[in-house]
Structures are given as structure tokens and as C-alpha cells.
Amino acid sequence: MHNKFYVTTPIYYVNDKPHIGHAYATISADVLARYHRFLGHEVHFLTGTDEHGSKVAESAAKAGQTPQEFCDITSGHFQMVWDRLDISNNDFIRTTEERHKQGVAFILNRLKEVGAIYESEYEGLYCSGCEKFITEKDLVSGECPDHKKKPELIKEKNYFFKLSNYLPQVEKLIDEGKIKVHPESRRREVMGLFKQELNDFSVSREHVKWGIPVPFDVSQVIYVWVDALSNYITALGYGQADDVAFKKFWPADLHIIGKDILKFHCVYWPAMLIAADIEVPKNIFITGYFTIDGQKMSKTIGNIIDPNELVSQFGSDPARYLLLCQFPFGADGDIKAENFVLQYNSDLANGIGNLVSRVTAMAEKYFGGAVPEQDDELKEPVAAIWQSYQEGLANFQIDKAIEGIKKTVTLADGYIDKNKPWELAKTDRAKLAKVIYNLSELIRHLGLMVYPIMPETSVKILNTVGKADFTNYHLSDLNHWGLLNPGDKINKSEALFPRIQ
RNA sequence: CGCGGGGUAGAGCAGUUGGCAGCUCGGCGGGCCCAUAACCCGCAGGUCGCCGGUUCGAGUCCGGCCCCCGCAACCA
């Protein structure tokens, strides 16, 4: 079963609008999904929205909507932006869907049956104005700042998950690499968590109304983590009548997550799966965080960038590229909004776009748009680039793929400058034919490399050399040298990425 | 002393086992004229967060300190 690939993004909380952090995680998953499809693997790519909890209910009330109406609208924002970004997900799970509710109820029952869940009491400060528990830190001179009331100390009955029972097994799985946590620095962070106190966690709430009822106690609602994490299997049909997809695709080959939810995915989730006797995910990749102009992204600072704006300004492919090229996959990085224009112009317009334009223009000008005789002068360097490109993506290093694309462009520009085709046109037609062949074939490779990251551009590039129809091929059929044949038609490319300003 | 990540050129980042500090963008100067005023070559720019230690030699190893970030409001 090594030719399937199941990749997930976090499910995004609907109490927020999509921002570039969400987009970064989702685009990354999309790149890997597209790459694996291109390898010929059977890919299942899941994303979705997390829709329960008191915050959602509050926001809905503020907006004068029912929680479900509110969720429909905000979940729609995510679906729309993924559509605009050409995200190729196979499924979109919403935690308010019936299939998910069924699956979660099944899981909770199962955890109860195996004795992983026990009843206990949660004690906390409760504000009747907020209708929720608040912490001491929230208090202003002993009162709830929103309602100017003293919260009462109350106890509520809750169900808890016996995390401690499973911690040694989870630690062992991660230590032995059965669950691979990437990058390495994050793996160390997770191993550090086991040395600290990790408490059993509550899986239900009595006062929250907007949620999935606990199947064995309807006075309670299932609390966030069991609800949210389970999406990765409920979407595949786990706990439902039709679980074919679950049998086929689980365990996940890759969960992509943000660092804020590392503990839940690397500790709680495997523990729940072990308790329920379900296989654990193979890889968990923690993405870095953007800071903007050195500052953390936040609503209060107001520096949040809407991915829709990027698409409107640059188009879908460039938006994808610009987000991915900021820093190595897995690292944090700072960005400046003004840099997007600079990078667009240098990498895309001057780099990829201009190269395709100059090569196809020369092919047309010197050989009437037909591929001249074959040659393999650039065969070796291209093979080397492919190797690091593929090794990189096999380890989820999207930055290596981008590096390969840049190297290919640099190789081609340098090759043109070295050989000066405009001089060969006057002095040495035979040599010119070889140079143009090498460049045309190189463009074809560039088109293939670009595919996972910029799918539309890939087709445009491959169209110029008449090789855009690759639906029935795998990458391994296409990424070796010499597939362009003498006489193949080359079409002069229009500007792929018009310069901005 | 809670745990973990990080501080390297104007900006964003690489730096494997300690051995002449690199990449991309931006700036400056040259070249070219096929191409989207694009491309190629060269130059400038760094007390590698601070202090101390080990060493023939430290961005890298050790100790201490400062600052930023995540775990821990909203949130990938």
C-alpha cells in the first residue's frame, strides 16, 4: 500500500476569516498532493472547517444568526478562497456535517467501552454573563471585565480522557520514528513535552450548547479536541456505514499543522487512536509562522493579510508561489508586504516568464517554431536538479522544489548568454540548432517542475512546447531528457507574468 | 532558574562532523541586445545578539546574560 498518499490540513476554526497562515498550510498540502498525484499515487487530500464551540455561538448571536447559518457563511469563505487558489482537495469536511457527528459519537462510545474515559469534576470560575468559564488572569479586580460581575466558583461534571495510560506508547512511537515529526526541531520539542506534566484532558462540556452531544450523556457536549481531531477519520467514513475510504487511505501519510496545535496532534491524537485501537499517522509536519514586518499576525494590530487580496493583485499561481517562497518549509519567517511585488517581478516576471518568452521567441525566429535537431548538452545538469527536487519533495521540503525551479532558470539564462544564439544565427546554424533544442527541452522540464506549485503556469509553459497533455503520464515518464522531437511545434509564449508597475 | 524554537550584509534566509562567512532580493559599476527596460559578469555592504571560556583556530563546542517567538486571549 505504498502508492497511496493521504494528506490533511488543519480544519480551520470558523470564528475567523481566512488569512495567509491558513493559506500557507493549505497551499503546502496542495503542492504535496499534486506532486504525489503526478508520481501516480492515489491521493486523498482533505481540508475543512471546525465549527463548534461557545465562541462560534457567541459570534453567531452577535451577527443575529443561528450558529448553523453563521457556520455556513464562514465555512463558505474558506471554500471560496481555496477555490480561488486552485486547491485540489478531494473532500472538505465540516464538523457540523452529519457524517462527522456520527463518526465522533462512535469514537466517543468506543473510547468509553475500552475504559479510556472516566467521569470527574471540573472546577472553575464561571461568569453567568459570559455563560462560560473564565480564568483568574481574565479578571479585573476580581470581576469579569465584560459584565462587571464576580464569577462564581462552580463544579461541573465532565468526562475525561485517560491520557496518562497511553503516553508511554506515544512517546515510544515518536522516539522510534513510527510517527515522524518534522522538522527535527519540532520532534525535539515534542519529546520535551513528555518530560513535563501532561494531564488527562476533558472531552466534554456541560455549559456549552453548540456542539455534538455526548452519546451516553446528552446533558453534555463533546469538547473541542475529540470533535476536531476526529475529522481526519470521520471524513473517510470511520464509524459510519460506508468506511471504504477509511480502509483505503488511513493511516494518514501526512498531517500538516501549525505550531500552536502541535501538542494536540503529536500527543493527544495518537493517544486517542491507540486507545481506540486505530493506526497512528505516519508523518506530522509543523509549518512555520509568518510574522509581518517583524510583528506577529494579529487582529488587534491589524496586519493580517487576506489571501483573497493576494489573488486579486497577483493571480492564483503567483499568490501560491509568493507565499511558499518566503522561507524553508517548516521554519518561521518574517515578510514584508512590499516584498511581494519585488519577488513577483524578480522570480516570476524576470525569471520564469522572461525565460520562456525569450526561448520560444528564438525558436520561432530562427526555426519557424519547429524543434530543430536533438542534443543533450544540458541533460546532466537537469538530471541533477531533478534529483534534489525529488529528494526534497519526498521529505516535504517544498523549498527544495522552488530551489530547483530557480536553478533551472539560472541554468538556462546562463546558457543563453554563453552561447549567444543571436551571433550563432549569423555564423553557425548547426550549433544554433543544438542550442535551441537544449533550451526548448529545458523549458519543457521547467514546465514539469512548476506543476505542483503553479499548476496553471505549468500548462501554459508546456503548451509552448506542445506537451501540455500529461494526464495519462506519470512524472517518471516525462522527466528524462530528450522527449522533444525534431519537427515538434513550438509556440511563442505570451507574457506569463506581466511585470507590475 | 517551566518547556521548546530563534537572534548571521539594507531586507528575507543558508551555513553539514569547529578550518578563508554564503544565497536571493535591493544598491552601485560594466557587458549584451534573443527576451517582459528583461538577461550575464563584477563591486560595495557583516565586531555572525552580548560577555566569558575551551582550542593553533569558534557562526559552529562549553558557561552566563539580553531580546524575540510558540506552548498559553482571537489564531496556520
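All of these numbers come straight from a predicted model, not from anything done at the bench. Numbers restart at 1 for each chain; the letters A, B, ... are given by sequence-line order, proteins then strands.
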Kindly indicate, with the supporting measurements, whether the criterion side-chain contact (heavy atoms from CB on, under 4.5 Å) is fulfilled by A:Leu446 and A:Ile352. CA-CA 9 Å; A:Leu446 179 64; A:Ile352 296 172; 4.2 Å; yes

Consider the side chain of [X], meaning its heavy atoms from C-beta on, and name the nucleotide among [options] that approaches it most closely.
X: A:Ala349; options: B:U36, B:U24, B:C39; answer: B:U36
X: A:Asp260; options: B:C75, B:U36, B:C34; answer: B:C75
X: A:Ala361; options: B:A35, B:G70, B:C39; answer: B:A35
X: A:Phe264; options: B:C32, B:A72, B:C75; answer: B:A72
X: A:Lys55; options: B:C39, B:C74, B:C34; answer: B:C74

Please state the P separation for the pair B:C40 and B:G7 - nearest whole angstrom. 30 Å

How far does the C1' atom of B:G57 sit from the matching atom of B:G70, given to the nearest Å?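 One C1' to the other, the span is 37 Å.
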
Mutual orientation of the aromatic rings belonging to A:His44 and A:Tyr6 [parallel < 30°, tilted 30-60°, perpendicular > 60°]: tilted

Looking at A:Tyr12 versus A:Trp82, is the centre-to-centre ring distance below 6.0 Å? yes

What do you reckon, are the aromatic ring centroids of A:His182 and A:Phe396 less than 6.0 Å apart? yes

When you measure from the side chain of [X] to the backbone of [Y], do you find a donor-acceptor pair of N or O atoms at a distance under 3.5 Å?
X: A:Asn419; Y: A:Pro421; value: no
X: A:Glu441; Y: A:Leu484; value: yes
X: A:Asp347; Y: A:Tyr344; value: no

For nucleotides 25-28 of chain B, tabulate all protein N/O to nucleotide N/O atom pairs closer than 3.5 Å, reporting atom names and distance.
none

Which protein N or O atoms sit under 3.5 Å from an N or O of nucleotides 42-44 of chain B?
none

Atom-to-atom span, NZ of A:Lys492 to C1' of B:C34 - whole angstrom: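 Rounding to the nearest Å, NZ of A:Lys492 and C1' of B:C34 are 10 Å apart.
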
Output the rounded distance in Å from OH (A:Tyr13) to C1' (B:A73). 13 Å

Scan A:Gly258 against the nucleic acid and name what it touches under 4.0 Å (heavy atoms): base, sugar-phosphate only, or nothing.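 The answer is sugar-phosphate, as A:Gly258 gets under 4.0 Å only of primed atoms, P, OP1 or OP2.
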
It should be established whether A:Arg499 places a side-chain nitrogen or oxygen under 4.0 Å from OP1 or OP2 of nucleotide B:A38.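 Yes, because at least one side-chain N or O of A:Arg499 sits under 4.0 Å from OP1 or OP2 of B:A38.
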
Phosphate-side-chain proximity, A:Lys259 and B:G5, N/O vs OP1/OP2 below 4.0 Å: no

Determine, for A:Asp50 against A:Arg94, whether the closest basic-nitrogen to carboxylate-oxygen distance falls under 4.0 angstrom. no

Answer whether the closest heavy-atom distance between the side chains of A:Phe5 and A:Leu32 falls below 4.5 Å.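 Counting from C-beta outward, A:Phe5 and A:Leu32 do come under 4.5 Å.
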
